2 protein chains.
Amino acid sequence: MARSDTRFRAAYNQVLDYCEGQPAGAHIPSEAALCEIAGVSRTVIRRCLSRLQEAGIISWDGREKRILRAPAESDRIDQPEPTAGGADLEERFLDWVLRFDVPAGTTLSVAELSRTFSVPQHELKEFLAGLSRFGLVSRRPQGGWTLLGFTKEFAVELSDFRSVLELNAVAQAVEAPVDHPLWAKLAELRDRHLDLKARIDRDYHAFSKLDEGFHQAINSVVKNRFVAEFQKVISLIFHYHFMWDKTEEKIRNAAAIDEHLAIIDALEARDGPAAQEAARRHLRTSKTTLLSSLRHHDLG
Amino acid sequence: MARSDTRFRAAYNQVLDYCEGQPAGAHIPSEAALCEIAGVSRTVIRRCLSRLQEAGIISWDGREKRILRAPAESDRIDQPEPTAGGADLEERFLDWVLRFDVPAGTTLSVAELSRTFSVPQHELKEFLAGLSRFGLVSRRPQGGWTLLGFTKEFAVELSDFRSVLELNAVAQAVEAPVDHPLWAKLAELRDRHLDLKARIDRDYHAFSKLDEGFHQAINSVVKNRFVAEFQKVISLIFHYHFMWDKTEEKIRNAAAIDEHLAIIDALEARDGPAAQEAARRHLRTSKTTLLSSLRHHDLG
DNA sequence: ATACAGTTCTTAATTATTAAATGCACATCG
DNA sequence: CGATGTGCATTTAATAATTAAGAACTGTAT
């Protein structure tokens, strides 16, 4: 019932690394200096020094610290878990929701999620608290959480919001300076689109990745933390939905390629209104697709 | 080291209420029925019954439950704290940050915040996790949180994002049907603006509230959970900044009133481009004001 | 057969505990 | 004496333990 000593373990090994680089008998720098090296507090460094002394690797008396012998491989402490998949929890969570088609209104239990994702409960609680800011989940009065997302309303609102952001991005993209990386990226994307169009009959699955890249490129001109944060969620949801919804995938993707190309054409011609119109058309189809995929799920 | 029994206390008093309405000797309904009455689980009801039995208020043997005597006032359990200001934590937090002008980069300690706001630590952690989604704070590697907000970049990005949302709202407002409550609201706001304009020399402080109401009205036409969530944060930040930044407040507010009136005029004339232009102008001044208020803080 | 109570298992809020961080006072060396 | 470094004490935060509350299953009397 205490916090893990991951920090100590990592620091200890790091100090061992340092010792290995030094000859026996060498002086060891001050505690504060070691803090800098290991990136931890003095408390941890002092624990490390204690242990090094116990292990007979160093002598330590006040500021008189010397290396006694070179550390062996067996002196290292093994890190408990190099995993910590808590980083991409968001991706894994959305993947789980969409893959298993978890219906809206489902009660999410922290304990259960903690087990399925092997993430400490408190991390999950923080994560859910964050999602609630996006209206994806909400706290229940009796405790616990409810999954709100992926109703028709949610899809409509998400699509509309996406449209607002993306039309703004397009408007800014038209104004982007000629040396902006966007233009190189767009040229490359055009080639990849044309390439995929030629072999769409076989490789229509590859479009999902291309779509993500395309929208990312457009939005890259908008330097805004709020937009960026939302974009992550939006792109994940659209990405996965298109991946799992297989109805008419080939036709749909072929059409989307043309829509993308139209946007690229307009952008490269620096034709603002045309770009807006092309983007609007594409976003409209995306919205329809997202909605129809939900309808399928409702029926099936 | 256990969760609070608030639920039990409330339920117990509620069951007492029920008993008071019944004559002595009366049968008590089933446990499940009592659950309905008190809105809690059977576990809690059974605890209540146990305690009622101990207190000699009822007899309880299996499904044979009878009232022995009318409950007295002293039988009630007093609720620990009816407060729980955790609801408007967001408002209080932002108020605190802006009122004390907490600089960007400040390390926020959960323990300290927990004390100043008298909110349990874990609630604060969830709250901060939520804010981190908006890029206002971020977790430090050594533990704790850093306040990121209220740098120049933050203000610029927030203003830009606000502009995108609000211009979209204006575009939708122009298209709103004649029976939409917006129009009545706008007419009322126009009057209040004109009223305040007449006495701006004395009551220029009153503008802040009016400003909030105006932007809320405009944004009310957009039915979108994402927009709504952001709007809350945005309006809070702008609201407080204008409240604390006293430089040239009178002139600034007088100018803003005119800008608001221009937007109302254009909207009521259903003139889309004019409304966009008026809104764009107003948002530009808002951004400038927000930025200049930050500059003042930097110097002072 | 069905409505209810008895029982057991799960879940979630909260506290207790310990690792880590931080702050301050004092020591040592130039 | 001042700068640098250490010793000690306090504070903070991550995590496990603990208990209230919820939910499901089972038995039983009407």
Side-chain angles (χ1 to χ4, degrees), chain A residues 1-12 27-36 38-50 60-65 80 84 86 107-115 119-126 128 139-145, chain B residues 1-12 27-36 38-51 60-65 80 84 86 107-115 119-126 128-129 139-145:
Chain A
M1 50 172 153
R3 66 189 293 183
S4 60
D5 58 353
T6 324
R7 228 131 214 287
F8 163 69
R9 287 156 188 268
Y12 186 80
H27 275 274
I28 296 170
S30 76
E31 294 176 0
L34 290 171
C35 292
E36 293 274 311
V40 293
S41 72
R42 268 186 58 215
T43 314
V44 176
I45 288 296
R46 303 190 102 234
R47 257 186 89 188
C48 293
L49 291 174
S50 294
W60 183 25
D61 179 42
R63 48 184 74 180
E64 187 65 22
K65 300 186 290 285
T107 302
L108 304 171
S109 107
V110 174
E112 195 182 324
L113 292 175
S114 163
R115 259 172 281 136
V119 157
Q121 292 201 7
H122 61 96
E123 254 182 61
L124 258 160
K125 277 175 66 173
E126 286 183 19
L128 289 174
R139 196 189 279 287
R140 290 198 319 159
Q142 306 95 346
W145 299 81
Chain B
M1 49 171 156
R3 64 190 292 181
S4 64
D5 57 354
T6 324
R7 222 125 221 288
F8 163 71
R9 285 156 189 270
Y12 185 80
H27 274 275
I28 296 171
S30 77
E31 294 176 0
L34 289 172
C35 292
E36 294 273 313
V40 293
S41 72
R42 267 184 61 213
T43 313
V44 176
I45 287 297
R46 302 191 99 235
R47 256 186 90 187
C48 292
L49 291 173
S50 294
R51 174 135 181 181
W60 184 26
D61 179 40
R63 45 185 77 181
E64 187 66 21
K65 299 186 290 285
T107 303
L108 303 172
S109 108
V110 174
E112 194 182 323
L113 293 174
S114 164
R115 258 172 280 138
V119 157
Q121 294 200 5
H122 59 96
E123 254 181 62
L124 258 161
K125 275 174 66 173
E126 286 183 20
L128 290 174
R139 197 191 280 286
R140 290 196 321 156
Q142 306 94 344
W145 299 79

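Quick caveat, the model's predicted, so the values are computed rather than measured. Hydrogens, waters and symmetry mates play no part in the numbers below; they use all other heavy atoms, side chains included. First the proteins, then the strands, lettered A, B, ... as listed; each starts at 1.
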Nearest-nucleotide comparison on DNA chain D, the residue closer to the 5′ end among A/Arg140 and B/Trp145: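 Its nucleotide being nearer the 5' end, the pick is B/Trp145.
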Of A/Ser4 and B/Arg47, whose closest DNA chain D nucleotide lies nearer the 5' terminus? A/Ser4
Are any non-hydrogen side-chain atoms of A/Leu108 and A/Leu124 less than 4.5 angstrom apart? no
Looking only at the side chain of A/Arg3 (C-beta and beyond, no hydrogens), which of the listed nucleotides D/dA20, C/dA12, C/dT18 gets closest? C/dT18
Under 4.0 Å from OP1 or OP2 of [N]: is there any side-chain N or O of [X] that close?
| X | N | answer |
| --- | --- | --- |
| A/Arg7 | D/dA13 | no |
| A/His122 | D/dA14 | no |
| A/Arg139 | C/dA12 | no |

Taking all heavy atoms of A/Cys35 and all of A/Ser41, pick out the closest pair and write down the distance. SG-C, 3.6 Å
What is the distance, rounded to the nearest whole Å, between atom [atom1] of [X] and atom [atom2] of [N]?
| X | N | atom1 | atom2 | result |
| --- | --- | --- | --- | --- |
| A/Lys125 | D/dT15 | NZ | C1' | 12 Å |
| B/Phe8 | C/dA12 | CZ | C1' | 19 Å |
| B/Glu112 | D/dT11 | CD | C1' | 11 Å |
| B/Leu113 | D/dT11 | CG | C1' | 14 Å |
| B/Leu124 | D/dA14 | CG | P | 13 Å |
| A/Glu36 | D/dG5 | CD | P | 11 Å |
| B/Glu126 | C/dA13 | CD | C1' | 10 Å |

Summarise how protein sits on nucleotides 2-8 of chain C as a single string, 5' to 3': B when a protein heavy atom is under 4.0 Å from the base, S for sugar-phosphate-only contact, - for no contact. -BBBBB-
Bending between helix ends of the helix from C/dA1-D/dT30 to C/dG30-D/dC1 [5 pairs per end, 10° resolution]: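 What I find for the helix from C/dA1-D/dT30 to C/dG30-D/dC1 is an axis angle of 0°.
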Non-neighbouring partners of A/Arg42 that pass salt bridge (Lys or Arg N to Asp or Glu O under 4.0 Å), sequence neighbours left out: A/Glu31
